[in-house]
Amino acid sequence: MKSIRVRLFILLSLFAGTTLTLSWVTYSSFKALMDSRRQLELSYTIRDEVEQVGALKPGTELYRRMQSYGPLLQPDRRRQELTDMLQAAAGNHAAQLNVRHKTFVKNEAEYQRFMREEMNYLESKLLYYGSLALFTMLFGFVALQLFISRSVVRPLHVLSRKMVDFLHDRYTYQFHVPSNDEVGQMQATFNSLAQRVISNMEQLKTLDQAKSEFLSIASHELRTPLTSIKGSLSLMRTGVVGKMNEMADNLLTIAENETDRLIRLINDILDLAKIEARKLPLHQDWHSFTDLVKTSLDSLQGLAGQADVHLQCDSMPAMEAYMDSDRVQQVLTNLLSNAIKFSPAGQTVHVQCEINDRNELLVTVRDHGRGIAPEDQEAIFQKFRQATSVSNPLVKGTGLGLAIAKALVDQHGGMIGVRSTPGEGSSFYFTLPEWRYNQQRPALPGTEKVA
Ligand code: ADP
């Protein structure tokens with residue numbers, strides 16, 4: 001495996017090793033240059049001061065100073081020459097002092113010339129290695145940045161793009177050539193993970209399809225006998241087979257209501273199966289939306305009366321919408337019947353139709369029931385889902401009405417949703433994108449329908 005860690009370690013070691021070596025050479029050159037400068041300055045001072053060889057007598061200030069310079073001189077040869085000269089001065093050997101003085105002055109002049117050349121050389125060396133160290137440092141930083149960007153940042157960016165694609169179902173889960181390092185391993189793991197999720201999803205889709213087919217066949221087979229059972233029950237209640245006593249009549253009413261509920265459930269399942277299989281064509285045309293609202297309200301008067309709930313509609317101008325009116329009525333009826341079902345007795349359900357700021361027809365059904373917990377507000381639009389929080393105990397229902405409503409509104413190009421505060425009520429709304437005013441027809445004056 002071409003590990004990023006190993007490559008980074010090698011790169012850092014190379015970079016640090018080279019920079020440290022060059023910095024050390026630069027530092028040594030600088031130190032040598034400073035030493036040489038000190039020695040040269042000292043040499044100039046001594047040479048100036050011993051110019052007057054006659055003044056070099058023991059006990060004088062000059063003599064003491066010369067003695068103090070001795071330990072500072074480098075190399076040892078110079079120190080020795082100075083000591084020899086001072087000894088000759090102390091011994092009062094004038095001839096010997098003259099010879100040693102001449103030799104010292106001559107050798108110091110030689111030494112100064114040599115040191116000037118040495119300093120020139122050290123200066124160039126300092127400049128050369130200093131620049132090289134600086135350049136290596138800069139080059140190392142750039143190389144390090146390039147390496148991290150190419151080996152880590154860029155592949156991670158690609159991985160995160162693939163993840164976002166995957167999230168939005170646009171993913172073709174293969175990295176064509178995942179690299180052979182740690183990030184490459186992550187990419188390969190993600191490949192396998194995505195592949196597994198996709199194949200699981202495909203399996204789920206197949207199972208869901210099989211389940212939907214089974215449900216639709218079973219529902220179809222159930223509907224015919226149920227319709228004839230309902231017919232027979234209705235006939236019996238009309239007294240065709242003789243007069244029923246009160247108890248039998250009650251039992252027949254219960255049986256008939258439950259049969260109705262079963263038929264509704266079966267119709268819902270069949271509708272949903274058709275919508276999912278895209279076999280429910282919409283018969284869209286321009287229809288009066290005002291009439292649709294009025295008919296829906298009228299048809300729910302009985303239900304509202306039983307629940308002691310008032311239906312109230314705000315006034316609206318005469319409007320038409322491009323829609324399948326039966327299906328949109330199904331949506332509105334479902335929202336209204338839910339609102340009635342979940343409203344306490346004596347409360348009012350409001351219907352409002354207006355144009356929103358996206359120029360769509362917006363229909364809102366507002367109730368003052370117990371509301372829906374935030375975590376359930378999205379889930380209730382999925383099939384067979386009901387709000388199940390403690391404050392919302394299961395009520396009789398199938399959990400299909402909103403799923404069908406959502407599918408129908410989606411098919412019309414609109415959107416459906418809910419705003420709700422638990423304990424205060426809910427506002428279900430849906431939109432229809434294509435609408436227009438119709439001056440020829442009467443407006444809905446804002447009816448308060450008391451059940
Ligand atoms: P059903 O009413 O047959 O259960 P729906 O799909 O119409 O199926 O509704 C799903 C769930 O959404 C309901 O069971 C209920 O928990 C919740 N719900 C729908 N409308 C309302 C409402 N107006 N107030 C409170 N809860 C509601």
### Message
With salt bridge (Lys or Arg N to Asp or Glu O under 4.0 Å) as the criterion, how do Arg113 and Glu110 come out once you've worked through the C-alpha distance, each side chain's angles and the decisive distance to 0.1 Å?
### Response
CA-CA 5 Å; Arg113 197 165 43 74; Glu110 190 70 16; 2.7 Å; yes
#### Entry: From CA spacing to verdict: side chain to side chain contact (heavy atoms under 4.5 Å, CB included), Ile355, Tyr437
CA-CA 11 Å; Ile355 306 306; Tyr437 291 114; 4.0 Å; yes
### Task
Go through the steps for Asp291 and Lys294 under the test salt bridge (Lys or Arg N to Asp or Glu O under 4.0 Å), then give the verdict.
CA-CA 5 Å; Asp291 287 354; Lys294 197 168 167 320; over 6 Å; no
### Task
Give the C-alpha distance, both sets of side-chain angles, the deciding distance and a yes or no for side chain to side chain contact (heavy atoms under 4.5 Å, CB included) between Gln74 and Asp35.
CA-CA 10 Å; Gln74 289 285 347; Asp35 284 348; over 6 Å; no
### Task
Check the pair Arg161, Asp165 against salt bridge (Lys or Arg N to Asp or Glu O under 4.0 Å), reporting the backbone distance first and the verdict last.
CA-CA 6 Å; Arg161 251 198 352 247; Asp165 280 357; 5.9 Å; no
### Task
I would like to know whether Arg366 and Asp314 meet salt bridge (Lys or Arg N to Asp or Glu O under 4.0 Å); could you show each step before the answer?
CA-CA 11 Å; Arg366 199 170 79 246; Asp314 292 356; 5.7 Å; no
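Atoms CE and OG, from Met119 and Ser124 in turn, are 11.5 Å apart once rounded to the nearest 0.5 Å. The distance from the CG atom of Leu33 to the CD atom of Glu118 is 9.5 Å, given to the nearest 0.5 Å. Atom-to-atom distance recorded for Trp286:CH2 and Glu320:CD is 7.0 Å, nearest 0.5 angstrom. Taking CG of Asp249 as the reference point, atom CD1 of Ile254 lies at 10.5 Å (rounded to 0.5 Å). Note: Arg264 CZ to Thr259 OG1 = 11.0 Å, rounded to the nearest 0.5 Å. Note: Glu182 CD to Leu8 CG = 10.0 Å, rounded to the nearest 0.5 Å.
Around CH2 of Trp24, the count of heavy atoms belonging to other residues, nucleotides or ligands within 6.0 Å does not exceed 12. Within 6.0 Å of OH in Tyr121 there are 12 or fewer heavy atoms belonging to other residues, nucleotides or ligands. Counted within 6.0 Å of CZ on Phe381, heavy atoms from surrounding residues, nucleotides or ligands total more than 12; the atom is thus considered enclosed. Surrounding NZ of Lys31 are at most 12 heavy atoms belonging to other residues, nucleotides or ligands under 6.0 Å away. Dense packing is recorded around CZ of Arg7, with more than 12 heavy atoms of other residues, nucleotides or ligands lying under 6.0 Å away. Counting heavy-atom neighbours within 6.0 Å of Arg196 CZ, excluding the residue itself, gives a total of 12 or less.
For the pair Leu332 and Ser296, the tightest heavy-atom approach, listed with the atom from each and the gap, is CD2-OG, 3.7 Å. Between Leu11 and Leu144, the closest heavy-atom pair is CD2-CD1, 3.6 Å. Nearest heavy atoms, Leu335 versus Phe430: CD1-CD2, 3.8 Å. Closest heavy-atom contact between Thr45 and Tyr69: CG2-OH, 3.8 Å. Met244 and Leu252 make their closest contact through SD-CD1, 3.9 Å (heavy atoms, listed as atom of the first residue, atom of the second, distance). Shortest non-hydrogen contact noted between Ile404 and Asp268 is CD1-O, 3.4 Å.
No side-chain heavy atom of His287 sits under 4.5 Å from any side-chain heavy atom of Leu292. Using a 4.5 Å cut-off on side-chain heavy atoms (C-beta onward), Glu108 and Ile46 make no contact. Considering only heavy atoms from C-beta on, Ile4 comes within 4.5 Å of Phe147 through its side chain. Counting only heavy atoms from C-beta outward, the side chains of Leu311 and Val351 never approach each other to under 4.5 Å. The shortest side-chain heavy-atom distance between Val183 and Ser151 does not fall under the 4.5 Å cut-off. You'll find the side chain of Ile198 reaches within 4.5 Å of the side chain of Glu202, heavy atoms only. When side chains are defined from C-beta on, Lys341 counts as touching Asn338, because their heavy atoms get closer than 4.5 Å. Between His350 and Thr364 the shortest side-chain heavy-atom distance does not fall below 4.5 Å.
Although no hydrogens or angles enter the test, the distance criterion places no donor-acceptor pair under 3.5 Å between the side chain of Ser219 and the main chain of Ile266. Side-chain atoms of Gln377 come within 3.5 Å of backbone N or O of Ile372 as a donor-acceptor pair. At distances below 3.5 Å, not a single donor-acceptor pair connects side-chain atoms of Thr26 with backbone N or O atoms of Leu126. Using modelled atom types, no side-chain atom of Asp376 and backbone atom of Ala379 make a donor-acceptor pair closer than 3.5 Å. With hydrogens and angles ignored, the 3.5 Å screen pairs a side-chain donor or acceptor of Ser337 with a backbone N or O of Asn334. In this structure a side-chain-to-backbone donor-acceptor pair under 3.5 Å is missing from Thr431 to Gly414. Looking only at distances, a side-chain donor or acceptor of Gln39 sits under 3.5 Å from a matching main-chain atom of Leu72.
With respect to the salt-bridge test (charged N to carboxylate O, under 4.0 angstrom), the residues Lys205 and Asp208 do not qualify.
Under the side chain to side chain donor-acceptor pair (under 3.5 Å) criterion, the residue pairs touching residues 401-416 are Lys406-Asp410, with sequence neighbours excluded. Residue pairs meeting the salt bridge (Lys or Arg N to Asp or Glu O under 4.0 Å) criterion with at least one member in residues 121-148, sequence neighbours excluded, are Arg37-Glu123.
For Tyr111, there are no ring-ring contact (aromatic ring centres under 6.0 Å, His included) partners, not counting sequence neighbours.
A distance below 6.0 Å separates the ring centres of Phe15 and Phe141.
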